[in-house]
Amino acid sequence: MSDELSLRDLRLQKLARMRELGFDPFAVERFESTGSANDLLADFDAKQGQAVAFAGRVVSHRLMGKAGFAHLSDGDGKIQGYFKKDDLGEAAWEVYQLLDIGDHVGVQGELFRTKTGEPSIHVRTLVPLSKALHTIPLGKEKEGQQWYGLTDTEQRYRHRNLDLICNPEAREMLIRRAQITREVRNYLDARGYLEVETPILQIVAGGAAARPFTTHYNAYDMDVKLRISLELYLKRLICGDIPKVYEIGRVFRNEGVSNRHNPEFTLLEFYEAYTDLEGMMEVVEGMFRHVAQAVFGTTQLAMRDGFVLDFSSPWRRVDLLDEIERLAGVTRADLATLESAHKALGDKVIVNTATGKRIVPEEEHNLGGLIEKLLEVFVEPTLIQPTFVVGYPIETSPLAKKDPNRPGITRRFEGYILGKEICNAFSEINDPIDQRERFEQQLGARAKGDDEAHPMDEEFIYALECGMPPTGGCGIGIDRMAMFLTGAEVLREVIFFPTMKPESREDD
RNA sequence: GAGCCGGUAGCUCAGCGGUAGAGCAACGCCCUUUUAAGGCGUGGGUCCUGGGUUCGAAUCCCAGCCGGCUCACCA
């Protein structure tokens, strides 16, 4: 028998004793507080003597003979209760003694200050509202400094409820993320975009270069895929003359996890008819400015080490091939064809000495991929303040309009913050003939073994053939957006339940 | 997928060849305004799993599982 089991048994015994005393925590359905802990504490001296009710979780418990204290937390704030045997009566006093850190209770009493001046509730009535059967690893704290607590990253992610109870930063992150998505919606709604929902189960999972998850639909006895993007269905709505649409939804990519990747993540995509990639840039700039201002009260966000992430002005705009020439020394002429590029780069591994990132030119078998690799290794690390990189190669952009003035280049940009991609946008292809050719090129790549190449989607082509206006579209990873704006170091801090392998449990 | 680091009490950690420790939490007693409450006492561990080396393994070796970091791939 493990120790945890005996601690749990002990708490079950306390629960049973509470029930014997006529206080069944789990029988209570409702308890109304006069206000939040912070409400009660505000302008406290004016309210001394006032009768109040308050419910919260027990986060400290100090028994001293025939009286005692406990701090009750509502998550946002906490207030101390003073419990005295004479005031509570025998049964409720025993209930107080049976309380553990982690239990929920409701109290009624008057506001007063203790001898040491702490605003407290002089409790007359105690109502247990839940019993915690496990130890809550809440550290003790003094003057804002915390001792112990839950710090093991694995446990924090596996038991996020404990993380939220024990670590105020985790709670802060959750709230900030919610505020960020709310303000994204507010911004787009105010601009006349319609929020929609499109299928997650799809026959053809397209709109991005990624491997999908596959599952089985019993009723039709067919395999279906989980979506990897929102793009194609949203554009079918544009084809239905819904001129401004967006969706914030979960997409799934069958790939590894890292500091900046999770196999399921939240994607925002928005599409607007009769505009182009420049129009999308303005929307993106405005969105970040609005969200930063609304959530953080400033468009100049202080990051660690005194760095300020600045959304107050238009984002820097650079051309992809210009930047590669400037930072990697590879010219546009070099990048005219795959052969000329290989000739220019040679067969040696090229290392960016500043970052340690490297390219193996001979491993890149198409020009677009090679160009994007050069971007990643030499350009990305320089894109710290918000920057739009314009002009992506056609091979890796099967849904973006061709640039009429630049063969091989599309009307596409990506936005970067802190050296990482944050959005991807373009003037959408609305020529069904062009779109079919692009898909066919992708099928060619797929035949050569590229299992992330885009599949053919006849339904989508059919919608284009019925007519789609010129359209600008953009995708933004909401998790990354939350990460950048909050200054979180890893994506899993803003994904509350990151994908993890199961932990084998012996006590099942 | 590769490399490096880690997994010891409920939590945070120490121990790194001689048979398991601390603080907090827990349990008992004392204490009717404390606040990292205090005092006295007590219990609690397949040292991630499975092999191996050794008289002896938490400790050394091998394999595996889970996690973290870096890299690869992608948003």
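We name chains A, B, ... by the order of the sequence lines, and we start the count at 1 in each one.
Pair assignment for B:C60: B:G52, on the basis of Watson-Crick or G-U wobble contacts that are both within less than 3.5 Å. Partner assigned to B:G41 is B:C27, using Watson-Crick or G-U wobble distances below 3.5 angstrom. Across all strands shown, B:G6 forms a Watson-Crick or G-U wobble pair with B:C66, both key distances being under 3.5 Å. As the counterpart of B:U32, no nucleotide is assigned, since no Watson-Crick or G-U wobble pattern has both distances under 3.5 Å.
Using a 4.0 Å heavy-atom cutoff across all strands shown, A:Glu414 reaches no nucleic acid atom at all. A:Asn262 comes within 4.0 angstrom of a nucleotide base, judged by non-hydrogen atoms across all strands. Here A:Lys84 lies in heavy-atom contact (under 4.0 Å) with a base. Contacts of A:Asp479 with the nucleic acid, taken as non-hydrogen atoms under 4.0 Å apart, are absent. Contact annotation for A:Arg211: no contact, since no heavy-atom pair falls under 4.0 Å across all strands. The residue A:Val490 sits close only to the backbone: its heavy atoms come under 4.0 Å of sugar-phosphate atoms, none of a base. Counting non-hydrogen atoms under 4.0 angstrom, A:Tyr157 reaches the backbone sugars and phosphates but no base. Among the atoms of the strands shown, none is found under 4.0 Å from any heavy atom of A:His122. Within the 4.0 angstrom heavy-atom criterion, base atoms lie near A:Gly65. Contact annotation for A:Glu264: no contact, since no heavy-atom pair falls under 4.0 Å across all strands.
Within the 4.0 Å cut-off from OP1 or OP2 of B:G68, at least one side-chain nitrogen or oxygen of A:Arg492 is found. For B:U12, the OP1/OP2 oxygens have no side-chain nitrogen or oxygen of A:Arg156 closer than 4.0 Å. Applying the 4.0 Å criterion to OP1 and OP2 of B:U12, one finds that A:Thr151 has a side-chain N or O inside that range. Dashed line: the shortest gap from a side-chain N or O of A:Arg62 to OP1 or OP2 of B:A37 is under 4.0 Å. Put simply, A:Lys14 has a side-chain N or O that comes within less than 4.0 Å of OP1 or OP2 on B:C27.
Nearest-nucleotide positions on RNA chain B place A:Ser120 closer to the 5' end than the other of A:Leu63 and A:Ser120. Along RNA chain B, the nucleotide nearest to A:Glu452 and the one nearest to A:Asp152 differ in position, and the one closer to the 5' end is contacted by A:Asp152.
A salt bridge is absent between A:Glu264 and A:Arg253: the closest approach of a Lys/Arg side-chain nitrogen to an acidic carboxylate oxygen does not fall below 4.0 angstrom. Between A:Lys235 and A:Glu428, at least one side-chain N (NZ, or NE/NH1/NH2) sits under 4.0 Å from a carboxylate O, which counts as a salt bridge. Electrostatic pairing of A:Arg185 and A:Glu195 counts as a salt bridge here, judged by a charged N lying under 4.0 Å from a carboxylate O.
Rounded to a whole angstrom, the distance from the P atom of B:G3 to that of B:A63 is 10 Å. B:A14 sits 7 Å from B:A22 when the C1' atoms are compared, rounded to a whole Å. Remark: the separation of the P atoms in B:G10 and B:A25 is 16 Å, to the nearest Å.
One interatomic measurement links the two molecules: CG of A:Asp103 to P of B:G10, which rounds to 19 Å at whole-angstrom precision. The CG-C1' distance, from A:Asp100 to B:A25, rounds to 10 Å in whole Å.
For an aromatic pair to be called close, the ring centres must be under 6.0 Å apart, and A:Tyr416 with A:Trp315 fails this. Taking the ring centroids of A:His122 and A:Phe83, they lie at or beyond the 6.0 Å cut-off.
Relative to the ring axis of A:Phe311, A:Arg289 does not place its NZ or CZ within 45° and under 6.0 Å from the centre.
Checking B:C66, B:A75, B:U34 against the side-chain heavy atoms of A:Arg253 singles out B:A75 as nearest.
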